[in-house]
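A, B, ... follow the sequence lines: proteins, then strands. Residue 1 opens every chain. What you see below is based on every heavy atom in this structure, not just the backbone, and it leaves out hydrogens, waters and symmetry mates.
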Protein chains: 2
Amino acid sequence: MATIQQVADLARVSTATVSRALAGKPSVSAATRERVEEAARSLGYVASATASSLASGRTRNIGMVMPYLGSWFYAAVLKGAHRALADGGYDLTLYHLEDTTRHAERRQRLFDEFLRRKRVDAFIAVSLELSDAELERIALLGKPIVGLGGPIPGVTTLSLDDAGVATLATEHLLSLGHREIAHLGGDEAFEQDFHVPAKRRAAYEQALRAAGVEPDPRLIKNADFTIQGGYQATLQMLGAPQRPTALFAASDEMAIGAILAARDLGLRVPEDLSVVGIDGHELGEFFGLTTVDQFPVVQGRMAAETLLEELSPDAPGDHVNRDLPYELVVRKSTAVPSGRPRE
Amino acid sequence: MATIQQVADLARVSTATVSRALAGKPSVSAATRERVEEAARSLGYVASATASSLASGRTRNIGMVMPYLGSWFYAAVLKGAHRALADGGYDLTLYHLEDTTRHAERRQRLFDEFLRRKRVDAFIAVSLELSDAELERIALLGKPIVGLGGPIPGVTTLSLDDAGVATLATEHLLSLGHREIAHLGGDEAFEQDFHVPAKRRAAYEQALRAAGVEPDPRLIKNADFTIQGGYQATLQMLGAPQRPTALFAASDEMAIGAILAARDLGLRVPEDLSVVGIDGHELGEFFGLTTVDQFPVVQGRMAAETLLEELSPDAPGDHVNRDLPYELVVRKSTAVPSGRPRE
DNA sequence: CTGAAAGCGCTTACAG
DNA sequence: CTGAAAGCGCTTACAG
């Protein structure tokens, strides 16, 4: 592995000039730059990230902190962020916060140790509502951070307007003429950090009331955001006497579970039951699922791009919360109600 | 951010002693060690990874190179590797090789630049059959590498015995009494690197022949490893006159697609069609899918542990290929054939 | 436009 | 058991 000194020797310049030439600094003559580049190429020289970081104080590496690695959603966010960072010349180091019983301990260790090693220039924190103690530690680090998933005071964040998303989905069903609209929300376990299930449920109830429909607690069930969970909850719901004509699930996977449950009960979707989800799951197309897409790959990309902006010298120092895009995608799982559902 | 010098001053020792004490070297007196630890704690000192790496030549960071980020399978592998590395005190930097038209270009850039920055001590390469040119570059780097997914000469690898897996699945169907056994393999696009589809198909055919059954080309179709793809291919297959009594899919997702296709055609699984997949997909349980589990999280963990072993000073210098575990999980999608399938 | 030199913050023989 | 000192391989004011 060639060093900068070897390049300098071969090009007959100082290491300072090699550094400047390869960094693309303007203050290098064309002829010198050429010689240096040629020397670097012939030696296969690539600057040591470690030495460069120590000298410059910049690592060109970003830390991505995420819980729930493993679900398609977070994998998509990771993918989007990685692509944008790579395009910007940055590496990505992953910090997965396992959602185990030792979550709190690991989370503290992450903030006390891992993030303080100066391995990265900045962080992206996904679906983490940072505590005051954590924010304090981050302030001490003096490194930019972008939060994804919900607003955090004093931090640049990108968040999904969960109320807006749930309202859009509910109003879609209302506008089709539905009045008995069920809701599949998220379990208690998913309330941590940004309280996504509660926000979605509240907006659903408010949209119903705004349309003159009183929410029926019997039509509201919580599950674990999975196909399996949505299937079970829907089976129970549709087995009861007050059967809804439509169902709004807080995730696409639960919505798919609902579709499968309806089928197994001999109900047709959308004729007997309209179903709408949230997310933009890759299986949505296959199941003809109407959904509110929240573009997870784009979320990752936007988080990375926002962070890169903060890292640029002329970044505005303000830390604002920006809304993420979302969009109703109407497919075949929703339609006008066809009279009273069969008993 | 405290430096080692500040800790040294506070503890009234040299930086050398601080370094030794905090690294847990034996040659430090208990009293000194105590003072240093106390000083470090009170200052909130964490050694700079960058400085430590430059001085020691070790980064305590591992590079994970993977294509296909985004599918549940690779997310699971990543998760398993991350956990094992974190437990060993290592960070994980991700290098995603996007599967775009610019794949070749990006792949070359990865080997020419990204991996040469000395940001990591070693690599895990997932599902990449390294070319001779790439192996040469890696040899130049002088860093350990563990390949996951298939054998590579001269490299420590962990690979799934694709022939064994396919044989196990096929023999399971044969042992139930099936003779008309279809196969859903992988498209041409999936043949790159380790030729997984071809190996599985060959073993399937061989298992049939060994049981005295001549493979029927009309019962073999290729798809793209997804639910959607498996669904379409199965629809075509079951629409034809020579309907099979069983189907072996080269992935669980295709197997699930096959189950859904059978249902839509009014066929019962397993009574009219037995289905077996490969992978251990999280939805397998829900769909009652019989499968050959290949434990992706364990694969990630094993790759990381193997690499950590190679990194230890007393590592044996041999580069062998080890087999990954797999296991037939019998659920409800396979059963003995119930007479001739309906026409 | 270029070079000499300091410095980034650690680790590690070496000597005692 | 501990310290002084060299060195890891770069970057960047500073001076010219």
Side-chain angles (χ1 to χ4, degrees), chain A residues 1-37 39-40 43-61 89 113 116-121 141-143 313, chain B residues 1-37 39-40 43-61 89 113 116-121 141-143 313:
Chain A
M1 300 295 297
T3 68
I4 197 172
Q5 187 63 61
Q6 295 173 34
V7 178
D9 292 348
L10 186 59
R12 306 182 159 284
V13 292
S14 69
T15 59
T17 296
V18 173
S19 179
R20 289 188 201 106
L22 262 24
K25 296 264 164 81
S27 64
V28 179
S29 76
T32 306
R33 184 184 306 278
E34 187 103 341
R35 278 217 319 288
V36 170
E37 282 171 353
L43 292 171
Y45 172 74
V46 175
S48 153
T50 250
S52 172
S53 299
L54 182 59
S56 71
R58 279 172 280 104
T59 64
R60 297 200 74 88
N61 188 23
E113 287 182 43
R116 309 187 63 190
R117 290 185 190 148
K118 297 185 184 144
R119 175 153 283 161
V120 302
D121 291 335
L141 290 178
K143 296 191 190 303
Chain B
M1 301 298 297
T3 68
I4 198 172
Q5 187 62 62
Q6 295 173 33
V7 178
D9 291 349
L10 187 59
R12 304 181 160 284
V13 292
S14 69
T15 60
T17 297
V18 173
S19 179
R20 289 188 202 104
L22 263 24
K25 296 264 164 79
S27 64
V28 178
S29 77
T32 306
R33 184 184 305 277
E34 187 103 342
R35 279 217 318 289
V36 170
E37 282 171 353
L43 291 171
Y45 172 75
V46 175
S48 154
T50 250
S52 171
S53 300
L54 182 58
S56 70
R58 281 173 277 104
T59 64
R60 298 201 73 88
N61 189 23
E113 287 182 43
R116 309 187 63 188
R117 291 185 189 148
K118 297 182 186 151
R119 175 151 284 160
V120 302
D121 291 336
L141 290 177
K143 296 190 189 304

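Surrounding CD of B:Glu34 are at most 12 heavy atoms belonging to other residues, nucleotides or ligands under 6.0 Å away.
Taken from OG1 in A:Thr32 to CZ in A:Arg20, the straight-line distance is 11.0 Å, to the nearest 0.5 Å. B:Leu54 contributes atom CG, which lies 9.0 Å from atom NZ of B:Lys118 (distance to the nearest 0.5 angstrom).
If you take atom C1' in D:dG16 and the same atom in D:dT12, they sit 16 Å apart, rounded to whole Å.
Protein atom CG of A:Asp121 is 14 Å distant from nucleotide atom P of D:dT11, rounded to whole Å. As a whole-Å value, the separation of A:Arg60 CZ from D:dC10 P is 16 Å. Rounded to whole angstrom, the span from the CZ atom of B:Arg117 across to the P atom of D:dT11 amounts to 12 Å. If you measure from atom CD of B:Gln5 to atom P of C:dG9, you get 11 Å, rounded to the nearest angstrom. Rounding to whole angstrom units, CG of residue A:Leu54 and C1' of C:dC10 are separated by 8 Å. Put simply, CG on A:Leu22 is 14 Å from P on C:dT2, counting in whole angstrom units. Per the geometry, CZ belonging to A:Arg116 stands 17 Å off C1' belonging to C:dC10, to the nearest Å.
Side-chain contact between A:Arg33 and A:Val36 is absent, with no heavy atoms from C-beta onward closer than 4.5 Å.
Proximity of A:Lys25 to the phosphate of D:dT12: a side-chain N or O atom is located under 4.0 Å from OP1 or OP2. Between D:dT11 and A:Ser19, a contact under 4.0 Å exists linking OP1 or OP2 to a side-chain N or O. Contact annotation: A:Arg58 side-chain N/O to D:dT12 OP1/OP2 distance is under 4.0 Å.
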Pairwise N/O distances under 3.5 Å, protein to nucleotides 3-6 of chain D:
from: D:dG3; atom 1: OP2; to: B:Ser14; atom 2: N; distance (Å): 3.0
from: D:dG3; atom 1: OP2; to: B:Ser14; atom 2: OG; distance (Å): 3.1
from: D:dG3; atom 1: OP2; to: B:Thr17; atom 2: OG1; distance (Å): 2.7
from: D:dG3; atom 1: N7; to: B:Arg20; atom 2: NH1; distance (Å): 3.4
from: D:dG3; atom 1: N7; to: B:Arg20; atom 2: NH2; distance (Å): 3.4
from: D:dG3; atom 1: O6; to: B:Arg20; atom 2: NH2; distance (Å): 2.4

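Checked by atom type and distance alone, the side chain of A:Thr59 pairs as donor or acceptor with a backbone atom of A:Asp121 at under 3.5 Å. Distance alone, capped at 3.5 Å, places no donor-acceptor pair between the B:Arg117 side chain and the A:Ser48 backbone. For A:Ser53 (side chain) and A:Ala49 (main-chain N/O), a donor-acceptor pair under 3.5 Å exists by modelled atom type. Panel note: side chain B:Arg35, backbone B:Val13; no donor-acceptor pair is recorded below 3.5 Å. Under the 3.5 Å distance criterion, the side-chain polar atoms of A:Arg116 are left unmatched by any main-chain donor or acceptor of B:Val46.
Of all heavy-atom pairs between A:Thr3 and A:Tyr45, the closest is C-CE1, 3.5 Å.
Only B:Pro26, B:Ser27, B:Val28, B:Ser29, B:Thr32, listed by number, bring a heavy atom of residues 26-37 of chain B to less than 4.0 angstrom from any atom of DNA chain D.
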> Could you walk me through whether B:Thr50 and A:Arg119 pass the side-chain contact (heavy atoms from CB on, under 4.5 Å) check?
Replying inline: CA-CA 6 Å; B:Thr50 250; A:Arg119 175 153 283 161; over 6 Å; no
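In DNA chain D, consecutive stretches of 3 or more Watson-Crick or G-U wobble pairs with both distances under 3.5 Å are given as paired ranges: C:1-3 with D:14-16, C:5-12 with D:5-12, C:14-16 with D:1-3.
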